[in-house]
Amino acid sequence: MAQFQEMMRQQLESSMHIELGKLLDTTKGAEKEVAKKDFQGFEKLFHRFLQVKGPSVEWPKIQRPPEDSIQPYDKIAARGLPENVADSLNKLVVVKLNGGLGTSMGCKGPKSLISVRNENTFLDLTVQQIEHLNKTYKTDVPLVLMNSFNTDEDTKKILQKYTHTQVKIHTFNQSRYPRINKESLLPVSTNMSMTGSTAEGWYPPGHGDIYASFYNSGLLDQLIAEGKEYIFVSNIDNLGATVDLHILHHLVTQPNGKRCEFVMEVTDKTRADVKGGTLIEYAGKLRLLEIAQVPKAHVDEFKSVTKFKIFNTNNLWISLPAIKRLQEQNAMDMEIIVNPKTLDGGQNVIQLETAVGAAIKCFDNALGINVPRSRFLPVKTTSDLLLVMSNLYSLDAGSLTMSPKREFPTTPHVKLGSSFTKVQEYLMRFESIPDMLELDHLTVSGDVTFGKNVSLKGTVIIIANHGDRIDIPAGSMLENKIVSGNLRILDH
């Protein structure tokens, strides 16, 4: 039986190799060379995908991480900062994951180009933050954007506007991998074209691809040659992911034999974060456990806030020489995420992905740091956008900080209905962003609009039933109110 399975695996790998060769033949020149490197990475991933039997973790072997493997942020910050902060900063590179589109928020093009605050986009805020550091400390911290084939062209066009800032900006591209037919396990594309229906046959393989594509781009070696030692990686839509000088100082002052090669920022889990990946100890190593790896019978246990108290913010600090070493030793081992998709024509495909944080187990002296919740401020929906556009936050040098006028540090729970999903529709429904300093919970459903200078306090629930419309009048103050039915304000 095992012999037969091995034979089938080899046959599938051989068929895949032939099909990839045919795809390469449809392109030439520099594009062909890039595709060749991409396909080498894909074949490694495909080989591992065929080897995997059953879940990647055995539940009984999972243990809580040892106490000292996750340090409280306060302990790290208590050491204070040296006089020569600039020395540490000059060893740093900021990397933003910039492969995503704004489609889930109804926008075309890269998500990083959506305006989030005072006409500033995610990318504007990132550049402002780094420029502020470089000006304050007279340093040269560069910004690196990991683009995907979906975002590269539009991002490069917009980068021209930053030519006069004090930030060097580099880009490299994530790999382009072929989606494979769920039944035959062969590529669905017949050529390398990215236009028309063939574009559906390709995907960027998750942010775990950062290690290989960064290395392949030549940029990793260039930055090491410039004396850079660490990258700070985060999602470009996490507005809390700013350069933290205390964590950086902790990294660069470790004694040589104990050099920490990987820091994962984690934060305390709330009921809203039950699906986030968590840190565990497994086979003597610190390891990231994602919900996709959890056997069905244990999903509720995984979501429990009592057993797994923290989750991964995807703010990561990683040693550049260590990435180079692991890439060259072919020792970067990340669990494969099998992501099923249905194409527009109804064809079922799978895409093989990896997550950047899953490589934590490959690095020496890896560490989790339990950071304040303020370092995790992702904008995934217009509900998140409402929070960051409101007076709950003030903006200074590209960084958002919670207003001191807010009496408690938690952010309100905001749930906007489907009429608010797209950014354009959302903006049309607010004449101005309400005062939310004393808000705990807001739910809005149906056809609802807000006039100017509305104030929301406590728990506010506004529900317009189908066919009804609710216009919240300008200047209203709603405190602990449920508004339903029909409320229209007409000009006369």
Side-chain angles (χ1 to χ4, degrees), residues 44-45 47-49 51-73 75-76 206-212 214-215 229-233 247 250-251 254-269 275-295 298 301-302 304 307-338 352-371:
K44 278 183 199 167
L45 198 59
H47 171 77
R48 283 180 43 226
F49 163 68
Q51 301 285 337
V52 171
K53 303 176 198 73
S56 59
V57 290
E58 291 175 44
W59 197 256
K61 290 186 180 174
I62 287 175
Q63 292 182 320
R64 280 192 185 167
E67 285 297 309
D68 60 347
S69 65
I70 300 179
Q71 300 268 344
Y73 175 78
K75 188 179 169 188
I76 303 283
H207 41 56
D209 181 54
I210 185 171
Y211 305 109
F214 195 17
Y215 178 82
E229 291 181 19
Y230 282 94
I231 52 174
F232 171 50
V233 184
I247 296 176
H250 178 77
L251 282 171
Q254 297 294 302
N256 270 345
K258 286 277 182 205
R259 263 291 159 101
C260 172
E261 295 183 340
F262 195 109
V263 160
M264 176 180 286
E265 292 186 33
V266 296
T267 195
D268 291 344
K269 210 190 248 192
K275 290 183 178 174
T278 192
L279 280 179
I280 56 168
E281 188 181 46
Y282 192 87
K285 281 275 195 181
L286 203 56
R287 185 158 160 178
L288 179 66
L289 178 67
E290 298 275 12
I291 194 163
Q293 297 162 254
V294 176
H298 296 282
E301 198 180 333
F302 174 82
S304 123
K307 179 161 183 178
F308 299 107
K309 293 182 165 64
I310 46 126
F311 73 98
N312 168 28
T313 63
N314 221 34
N315 300 347
L316 309 167
W317 303 73
I318 313 171
S319 154
L320 283 167
I323 295 174
K324 182 177 166 70
R325 181 189 78 235
L326 290 166
Q327 274 302 122
E328 289 176 349
Q329 292 172 353
N330 199 15
M332 203 68 83
D333 174 26
M334 290 166 279
E335 287 72 35
I336 296 171
I337 301 159
V338 180
L352 305 178
E353 302 177 5
T354 54
V356 55
I360 188 168
K361 63 177 189 277
C362 310
F363 290 85
D364 293 339
N365 303 311
L367 181 68
I369 295 181
N370 191 341
V371 297

Any side-chain to backbone donor/acceptor pair from [X] onto [Y]? Under 3.5 Å, distance only.
X: Lys269; Y: Gly276; answer: no
X: Asp364; Y: Glu261; answer: no
X: Glu301; Y: His298; answer: no
X: Tyr282; Y: Trp59; answer: no
X: Glu281; Y: Gln63; answer: no
X: Thr267; Y: Val371; answer: yes

Taking atom [atom1] of [X] and atom [atom2] of [Y], what is their separation to the nearest 0.5 Å?
X: Asp209; Y: Phe214; atom1: CG; atom2: CZ; answer: 12.5 Å
X: Cys260; Y: Gln71; atom1: SG; atom2: CD; answer: 9.5 Å
X: Ile62; Y: Leu289; atom1: CD1; atom2: CG; answer: 5.0 Å
X: Met264; Y: Trp317; atom1: CE; atom2: CH2; answer: 14.5 Å
X: Ile337; Y: Ile291; atom1: CD1; atom2: CD1; answer: 12.0 Å
X: Met334; Y: Leu288; atom1: CE; atom2: CG; answer: 11.5 Å

Legend entry - Any Gln254 side-chain heavy atom under 4.5 Å of Asn365 side chain: no
Inset, instruction - Evaluate the side-chain proximity of Asn314 to His207: yes if any heavy-atom separation is below 4.5 Å, no if none is. - result: yes
Legend entry - NZ/NE/NH1/NH2 to OD/OE distance under 4.0 Å, Lys285 and Asp333: no
Inset, instruction - State whether the number of non-hydrogen atoms from other residues, nucleotides or ligands found under 6.0 Å of Gln329 atom CD is greater than 12. - result: yes
Inset, instruction - Take atom NZ of Lys75 as the centre, draw a 6.0 Å sphere, and report whether it contains more than 12 heavy atoms from other residues, nucleotides or ligands. - result: no
Can you name the closest pair of heavy atoms from [X] and [Y] and give their distance?
X: Val294; Y: Phe302; answer: CG2-CD1, 3.6 Å
X: Ile360; Y: Arg287; answer: CG2-CA, 3.9 Å
X: Ile70; Y: Pro65; answer: CD1-CG, 3.7 Å
X: Val266; Y: Asn312; answer: CG1-CA, 4.2 Å
X: Ala355; Y: Glu290; answer: CB-OE2, 4.0 Å
X: Ala331; Y: Cys362; answer: O-SG, 3.7 Å

Legend entry - Residues Glu265 and Tyr73: side-chain donor-acceptor under 3.5 angstrom: no
Legend entry - Name of the residue among Leu251, Ile323, Ile318 meeting side-chain contact (heavy atoms from CB on, under 4.5 Å) with Phe262: Ile318
